[in-house]
2 protein chains.
Amino acid sequence: MHMSSPLPENPLCLDDQVCFSLYSAANAMVRAYRPYLEQLQLTYPQYLVMMVLWERNGISVKLLGEQLHLDSGTLTPLLKRLELKGLVCRGRSQQDERMRELALTDAGQALREQAMSVPLQMFCRTGLTPAQLTELKQLCDQLWSQLAE
Amino acid sequence: MHMSSPLPENPLCLDDQVCFSLYSAANAMVRAYRPYLEQLQLTYPQYLVMMVLWERNGISVKLLGEQLHLDSGTLTPLLKRLELKGLVCRGRSQQDERMRELALTDAGQALREQAMSVPLQMFCRTGLTPAQLTELKQLCDQLWSQLAE
DNA sequence: CCACATCAAATTGCACACAATATACTGGTT
DNA sequence: AACCAGTATATTGTGTGCAATTTGATGTGG
C-alpha cells in the first residue's frame, strides 16, 4: 500500500509502497538462509517445521499449522519430504485416527545440534542492531495481527 | 534469526525469531491483497509488474526484474499470463532482438484507473499509523540492502 | 443406531520464487 | 567471415502457499 506522507501524489508508485519492501525483504531473507540451511538439507519452511517439532514433538498437523500460519495444503507435501529425508515420522493418533502424530526420528532430534548455530549466523548477516530487529519484529507482529482478523 | 535480547536462552525458539514474523507478515499481506486484486483479475506479483509498467511502459524484462528483484524464471511465465489476459504485449526490441519490449495494451493502461483505489484500501486494512508504516518500510529496506550484498 | 454435521488431513489446481541450464542474439577479434 | 565471450530471455525442476474440494473418522441429535 502507499507510504502516506501524508497524501502521496502517486499512490501507485512502487518505491513508496511498504508492502513491496516487506515482500522483497521476506524473499531476500529466505534466500539468505539458503547457504546456512543447505548444510542441514533443509529449506526455510522445512526449518520452521523442525523448530516447532524440536519444541513440541508429537503434535498434530493442525497445531503445527496454527503455529506456522500454514495450512495442510502446504504442510502435507512438506512433511512427506521431511519423512523421506528420515527426519520425521508421520504416525496416527491412537485416540483420534484422523490426526497425525508428528514425531521426530533420531536423525531429526540430532539435527537440532547442527541448527543451533544458524540463528546467530543469520543475526550477523542482517547487519541490524538488536533494537532494530526488535522494532521490526513488533511491527511485523502487529501487522500480522491486524491482517489476520 | 533470534531476537537477541541480549542472549536468548533458546536461539531456536520460533516465537523469538524476527525472520518468522517477517515471513508470516509478508504471507498475510499477499493474502490481504487478494480480495482487492481479484476485482482486477491480478495476483499480487502481477500487480507489482503492472505498477512498474504504468510508470515505465516499454521496458525490458531485465529492467523489470531489477526493479522488482525477480528473475526471468519468475517473470517470463508471469508475463505470459498477463499477455493471455490481454494486458501486456511482449514484443521484441528493434535495436536488440534479445530484449523484450513490454508494452501495455489499451486494457492494461485502462486497468490503472481501477487500481488507483487499492493502495488506500490496503492502508486502512493494515491498521498501522503512517509513522509505523514509514518505520517498517525503512527497516525492510535496510534489511534488504544488507542481504543483497 | 443411524443420518448428519463436523473435523483432520489429503488432494487438486494454479501461481509464484529461484537455482541451474539452455537458447539465441550481439559485439568484438582475428 | 568464423570464432567467441557476453548478454537477454526462456526452460526445467523443485518446493512452496493457498483456495477449493475430497476423503475418512468422529460425535451428536433424533
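Chain naming here is simple, since letters A, B, ... match the order of the sequence lines and numbering starts at 1 in each. Only this structure's heavy atoms are used, side chains among them; waters, hydrogens and symmetry mates stay out.
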Can you give me the N/O atom pairs linking the protein to nucleotides 12-22 of chain D at distances under 3.5 Å, or say none if there are none?
residue, atom, partner, partner atom, Å
D:dT16, OP1, A:T43, OG1, 2.6
D:dT16, OP2, A:Q46, NE2, 2.6
D:dT16, OP2, A:R81, NH1, 2.9
D:dT16, O5', A:R81, NH1, 3.2
D:dG17, OP2, B:Y23, OH, 2.1
D:dC18, OP1, B:R31, NH1, 2.2
D:dC18, OP2, B:R31, NH1, 2.9
D:dC18, N4, A:G73, O, 3.3

What pairs of nitrogen or oxygen atoms, one from the protein and one from nucleotides 3-6 of chain C, lie under 3.5 Å apart?
none

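Taking CG from A:L111 and CD from A:Q39, the interatomic distance works out to 11.0 Å, rounded to the nearest 0.5 Å. With values rounded to the nearest 0.5 angstrom, A:N57 atom CG is found 9.0 Å from A:L102 atom CG.
Rounded to whole angstrom, the span from the CG atom of A:L79 across to the P atom of C:dA8 amounts to 16 Å. As a whole-Å value, the separation of B:D96 CG from D:dG6 P is 17 Å. To the nearest angstrom, C1' of C:dA17 lies 13 Å from CE of A:M29. The distance from atom NZ of B:K62 to atom P of D:dT7 is 8 Å, rounded to the nearest whole Å. Note: CG (B:L68) to C1' (C:dA15) measures 16 Å, nearest angstrom. A straight line from CZ of B:R100 to C1' of D:dT7 spans 16 Å, rounded to a whole angstrom. Put simply, OH on A:Y33 is 18 Å from C1' on C:dC18, counting in whole angstrom units. The interatomic distance linking A:R92 (CZ) with C:dA8 (C1') rounds to 8 Å, in whole Å.
Picking from C:dT11, D:dT9, C:dA9 the nucleotide with the shortest atom distance to the side chain of A:K80 gives C:dT11. Ranking D:dT9, C:dC25, D:dT26 by closeness to the B:E97 side chain, first place goes to C:dC25.
Placement of B:M99 and B:L64 in two distinct hydrophobic clusters is found when ILVMFWY residues are connected by side-chain heavy-atom separations under 4.5 Å, directly or transitively. A:M50 and A:Y33 fall within a single hydrophobic cluster, where Ile, Leu, Val, Met, Phe, Trp and Tyr side chains are chained together by heavy-atom contacts under 4.5 Å.
Regarding contacts with the backbone of D:dA10, a side-chain N or O of B:R90 is found under 4.0 angstrom from either OP1 or OP2.
The backbone N or O of A:L63 sits nowhere less than 3.5 Å from a side-chain atom of A:E66 that would complete a donor-acceptor pair. A:T105 places a side-chain N or O within 3.5 Å of a backbone atom of A:L87 that can act as its donor or acceptor partner.
B:L22 approaches A:M29 most closely through the heavy-atom pair CD2-CB, 4.0 Å.
Salt-bridge annotation for B:R100 and B:E83: absent, with no side-chain N of the basic residue lying under 4.0 Å from a carboxylate O of the acidic one. In summary, A:E55 and A:R112 engage in a salt bridge, as defined by a charged side-chain N under 4.0 Å from a carboxylate O.
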